Structures are given as structure tokens and as C-alpha cells.
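For reference, the structure is listed below as C-alpha cells.
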Amino acid sequence: MVIEDLIEQLKTKIETNLPQGVSISEVEFEGPQLVIYTEEPRKFADDGNIVRNLAKILRTRIVVRPDPKVLIPPEESIDLIKKNVPEESAITDFHFDPDVGEVIIEAEKPGLVIGKHGETLREITKQVGWTPKVVRTPPIKSRTVNNIREFMKKNHKERKEILKTIGRNIHRESTSKDQWVRLTSLGGCREVGRSCFVLSTPESKVMIDCGVNVGSDENMTPYLYVPELQPFKQLDAIIVTHAHLDHQGLVPLLYKYGYEGPIYCTPPTRDMMVLLQLDYIDVAAKDGKRIPYDSADVRNALKHTIVMDYEEVTDIAPDIKLTFHNAGHIIGSSISHFHIGDGLHNVVITGDFKYGPTRLFNPAVNKFPRVETVITESTYGASNALQPPLKDAERHLQQVIRDTIQQEGVVVIPAFAVGRSQEVMIVIEEAIRKGIIDEIPVYLDGMIWEATAIHATYPEYLNNDLRKLIFQKGQNPFLAECFKPVDSNELRQKIINEPHPCVILATSGMMNGGPVIEYFKAFAPSEKNTLIFVGYQADGTLGRRIQKGWKEIPLSSGRGGTETIEMNMNVEVIDGFSGHSDRRQLMEYFKKMRPQPERIFTEHGDERSCVDLASSLYRKRKVETRALTNLETVRLV
Ligand SMILES: [Zn+2]
Ligand SMILES: [Zn+2]
């Protein structure tokens with residue numbers, strides 16, 4: 001059946017199932033959703049059962065949108081909305097999104113805008129036509145989030161066309177009678193960096209992650225030139241598990257190669273991804289390295305991005321449904337569950353995950369409706385890769401900071417912008433609040449503040465304790481007075497030239513560039529100061545050299561020459577803050593997984609870690625296991 005006929009058929013089916021007196025004007029696939037346009041959004045808003053019934057009958061995700069004809073102009077709508085809600089709700093902003101006929105209302109007390117059982121919202125829908133969505137005013141404004149919203153608004157016509165094409169592609173008729181599923185590994189096996197997999201069936205082909213190995217010049221990109229990927233046009237979807245560059249750094253490049261389809265990820269992953277991609281090409285340009293794509297490619301990728309929250313089952317190809325689950329690794333990180341065919345096979349790709357407590361996130365999900373094959377990360381898969389408990393790490397950190405401050409020293413912590421920085425911030429804030437550490441300034445340099453703002457924009461992606469702290473007790477730790485974003489070179493120079501007891505959190509995490517280098521140059525010569533490593537330092541990085549005990553460190557002077565830095569400051573390595581599961585947590589994750597899988601493949605770890613984890617899981621769980629290598633294809637069904 002051609003797609004036009006299918007849409008016509010669906011429209012008739014919907015019309016015959018609508019209650020008397022309710023009408024619709026248009027039906028269209030937009031991305032994975034079936035969108036019903038109506039001139040009477042108030043009737044749909046009044047009766048929640050209409051949509052529920054239709055979804056059940058049509059077995060697909062349905063959204064009802066107001067026909068653009070009935071939308072009251074934004075200025076008038078704002079007046080009407082304000083008339084309906086009490087002043088105490090403290091509305092701070094409105095964002096009209098003509099793309100979806102939605103108005104986002106930002107308020108300090110969202111409950112008052114929603115009203116009892118959603119009463120006020122329904123009234124608003126009736127009066128303005130737009131579908132209202134209420135969010136809590138983010139406590140920190142994120143430049144990235146704002147730019148993305150503006151960009152989407154400006155490009156909504158083009159985006160609508162893109163979504164329409166994607167939608168029609170997803171809902172095309174299946175043609176193949178054969179049944180098989182294959183997994184191809186293109187990067188990230190027996191190594192960390194350039195993660196990339198392709199899952200294929202006779203009908204469809206989806207890519208999971210497309211990372212870049214920033215630490216390596218020879219093995220930087222996944223094997224994207226293999227014949228089965230050509231032409232890129234025939235890929236159905238790219239799934240991005242989380243925003244770290246080793247999982248998404250080369251996604252914009254795929255559009256340069258001719259890919260035109262969608263990217264699926266969670267909303268925080270999308271925003272963080274754009275921030276990190278732009279920073280990546282910026283840093284590469286400054287270092288005189290080859291830049292694989294430019295900001296226009298980043299924008300093009302953004303236009304094709306479709307966001308999904310956790311636990312939303314979504315059709316991404318005629319025979320593949322995708323559901324994201326919390327991975328506990330960084331904000332928005334997900335474990336991807338693929339349901340293939342009509343009950344034919346279920347694949348779980350963990351991406352990076354943390355099965356244990358952290359200050360920021362709930363532990364990774366390991367309960368699925370069904371699962372036969374799992375592909376798991378193995379960063380700490382080696383039998384001796386144990387991390388100390390988080391509580392010990394926190395105490396150790398507080399102790400080192402206290403000792404350094406007592407001797408009037410400065411603490412420098414190299415940190416990744418996303419994940420560990422926010423974790424460390426929360427620990428330090430608590431220690432200051434409880435009087436364990438004196439009240440000292442905590443400077444945040446590099447992208448740390450902007451990444452923190454993105455965390456604050458998506459509180460629903462943080463763990464229960466932190467959410468409670470932010471909302472119920474009004475004690476948002478990120479807003480504590482001790483945190484001082486370093487937003488100018490003047491402030492940076494001032495911190496360097498007038499040393500005073502303080503903590504400096506600065507990027508990059510492995511000290512291979514970024515503002516942390518300037519602080520290091522300034523504070524390394526004095527034994528009063530301390531350098532604290534809270535994250536993994538890869539071979540070849542400055543961080544690793546310092547850990548090895550180098551006493552004289554050559555660094556570029558910024559004027560083309562080199563200078564030698566005398567290293568006298570204390571160095572402390574604090575393990576336990578990792579966003580990855582350690583060996584014990586990895587084994588535990590599979591022990592408690594429900595249902596138990598039939599087969600587990602390992603990846604994302606050095607050779608020993610991947611092999612070690614695969615053989616231990618084979619012995620303990622009595623399932624087929626394998627440490628994948630790059631460039632192999634395994635038949636799953
Ligand atoms: Zn990661
Ligand atoms: Zn990773």
C-alpha cells in the first residue's frame with residue numbers, strides 16, 4: 001500500500017471512532033508520531049478518553065494538535081493565559097512553538113498554572129487554541145537551551161517537512177519475508193573511544209552512536225567506509241546513547257556523507273551534544289588539528305533530532321521499536337532497548353552506565369519486558385577494577401580540600417564539563433554548608449557552568465534526592481553562593497595573580513588543553529597547593545604524566561616556544577567518583593537483570609577488561625558471551 005492510501009485509511013478509521021460532533025481536519029505522520037489536526041482542540045482537551053481510545057485502536061503514538069487556523073496570536077494568548085492563572089504562580093516566560101502548536105509556560109509554581117486535576121490548563125487550551133505545557137522556571141538560564149529553542153522556532157517550516165519525510169519512511173510497508181537480525185561493530189570494541197554499532201534486519205538498518213576518539217590520531221574515527229553502510233541515505237536512524245564525544249562526536253559528519261534521517265536521543269542529550277560538538281570543533285581548530293565538520297553540519301544534525309523521554313516506546317523503522325531507559329552515567333544517558341519484528345528479538349545496548357548510587361542520578365535500569373541479547377560497556381570490566389565506595393571518596397575529597405585550605409593553599413581539580421563536575425560541586429557545597437570546610441570560593445571555569453545550567457533545566461532527569469532538594473526544600477545546591485563562574489579573562493587573571501584559599505574546577509578533565517592548564521602553570525610551583533584528580537587519566541595525557549610523578553613538565557608557552565613548569569604541588573588521586581559501573585557493579589547488574597538474557601557481548605574497555613568481563617559472565621551467568629572486535633558482524637537471529 002502506498003503511504004498516501006495508508007494515511008487516508010487511518011483518517012477514515014479515526015473519523016468513524018470519534019464521538020458525535022468532534023471533527024478533525026488533517027492526519028499526518030510527523031517523525032514517529034501520528035498527528036491529528038483539529039479545529040476543535042477544546043473538545044479533545046475536555047475528554048482525555050478520546051485520544052486514549054484512538055491510540056488503542058490504531059496501536060501507535062498519537063498527538064492531537066490544534067489546526068494552525070484556530071491558534072490565537074501569541075500576544076493575545078499571553079493576556080488570556082494571565083487572566084486564567086493566579087498571580088502567585090509567578091509566570092516568568094512564554095515560548096510559543098508553532099511547530100507543534102504548543103506554548104511552554106515557565107512558572108515558579110507550575111502547580112498553580114495546571115490547577116486542580118488540570119482544570120486551569122484545560123481552560124487555557126479552550127481559550128487560546130495552543131496546547132499549554134507548564135515547566136518550572138529553570139533556576140539557571142542556559143544559553144545552549146535558549147539558542148536551540150530559537151533555532152527550532154526559526155526553522156520550523158523546514159523541520160516540519162523533515163519530520164513528515166521521516167514519518168512516512170518509518171511507516172512504510174514492510175516488504176521482506178525473511179527474518180534475521182545482525183549486529184555490526186564499527187568502533188569502540190576492545191577500546192574506549194569511537195563507539196559505533198549498526199543493527200540491521202532485511203527491512204531496516206539503524207546506527208547506535210558515532211563517536212570520536214579525541215586521544216588518538218590514527219584510530220580517531222569508526223570504520224564508516226565499510227560497504228554495508230553505503231549509501232548513507234539508506235540508514236533509517238541514528239541513536240545517540242549519551243552526549244560524551246566518544247559516543248556522538250562524529251554524528252554531524254554523517255550528514256556531510258549524505259545521511260538524511262533522524263537522530264534519536266533524550267532532550268538533555270540533544271542540548272549537551274550540541275554544546276560539546278561546538279566545543280570539540282572549536283578546540284580542534286585552536287590546536288591546529290583536522291576539523292571533520294563545521295557548525296553548519298552541527299545545525300543540520302540538530303534539525304533532524306527527535307527527542308524521546310525515558311520509557312517511551314517509539315517506532316523508529318517498520319520493524320523496530322526503541323525505548324530509552326535511565327543509564328545513570330551522565331544527564332540524559334540512556335540504555336537503548338530495541339524490539340525487533342513482531343516479538344522476533346530484543347536487543348539491549350547499555351552504552352555507558354552506572355549501576356550504583358551517585359549524587360546526581362538513579363542507578364541504571366535492568367528490568368525489561370523482554371531481552372535476548374545485551375551489548376554492555378566494560379570500562380571497569382577487569383577482575384581487579386574495583387572502585388572505593390562513594391562515601392569514602394567524598395570524605396577523602398573533603399579532607400584534602402580542608403588540609404590545603406588550612407595551609408592557605410589553592411585546590412585545582414581538572415574535570416570534565418559534564419557529569420563529574422556537578423557531582424564534585426554537590427559534595428563541596430554540602431561540606432561548606434555543614435561547616436566541614438571553611439567558606440571559600442569555588443571557581444568554575446570552562447564549560448562547567450553552562451553544563452550545570454543544562455542539568456538545572458532538566459530536573460526530572462536527576463535522582464529523587466537531588467530533585468527534592470531543588471524543589472521541596474528550595475535548596476538548589478547548584479545555586480549556592482560559593483560557586484563563582486569564571487566568565488572573563490580578567491577574573492581568571494585575578495585568581496592567578498592574587499592567590500587565596502579556594503577551589504578551582506576547570507576543564508579539561510585529562511589536562512590536554514582548556515583553562516585548567518593556566519591554573520596549573522600558576523599553582524604547580526608551590527607545595528602549599530594541591531592538584532586533585534577525580535577522573536580517569538588516559539595514557540599520553542598531561543594528567544597521566546603528573547600521576548606518574550614527573551617533576552619537570554614541558555608546556556607550550558603560548559608564544560610558539562616551550563617552558564618548563566616545576567612541579568611541587570601535592571597530587572591526590574581520588575577514585576570512586578566514576579560514572580561507570582565498577583567490576584562488582586557490572587556483575588551485579590547482570591545478576592539482577594530481568595529477564596535474564598541469552599547472550600552478552602562486551603565492548604567499551606581495553607582488551608583485558610572486555611575479555612575478562614566476557615569470561616566471568618560466561619562462568620557466572622551460564623550464557624553465551626563474547627568480547628567483540630571492531631568490524632565483525634554477528635547474526636543474532
Ligand atoms: Zn560516557
Ligand atoms: Zn564512553
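Treat the numbers as computed from the prediction; the structure is a model and nothing was measured. Computed over heavy atoms, backbone and side chain alike; hydrogens, waters and symmetry mates excluded. Counting starts at 1 for both ligands and their atoms, following the listed order. For reference, positions follow the sequence shown, starting with 1.
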Worked verdict on Thr373 versus His345 for side chain to side chain donor-acceptor pair (under 3.5 Å): CA-CA 8 Å; Thr373 302; His345 200 71; 2.8 Å; yes
Flag side-chain contact, heavy atom, 4.5 Å: Pro252 against Asn300: no
For the Zn ion (ligand 2), every protein N/O/S atom that sits closer than 2.8 Å, waters excluded: Asp246 OD2, His247 NE2, Asp352 OD2, His604 NE2
Metal check, the Zn ion (ligand 1) vs His580 N/O/S, cut-off below 2.8 Å: no
Sidechain N-carboxylate O distance under 4.0 Å for Lys592, Glu588: yes
Tyr293/Tyr255 aromatic ring centres below 6.0 Å: no
Centroid separation His304 to Tyr259 less than 6.0 Å: no
Sequence neighbours excluded, every pair satisfying salt bridge (Lys or Arg N to Asp or Glu O under 4.0 Å) that has a member inside residues 253-274: Lys233-Glu260
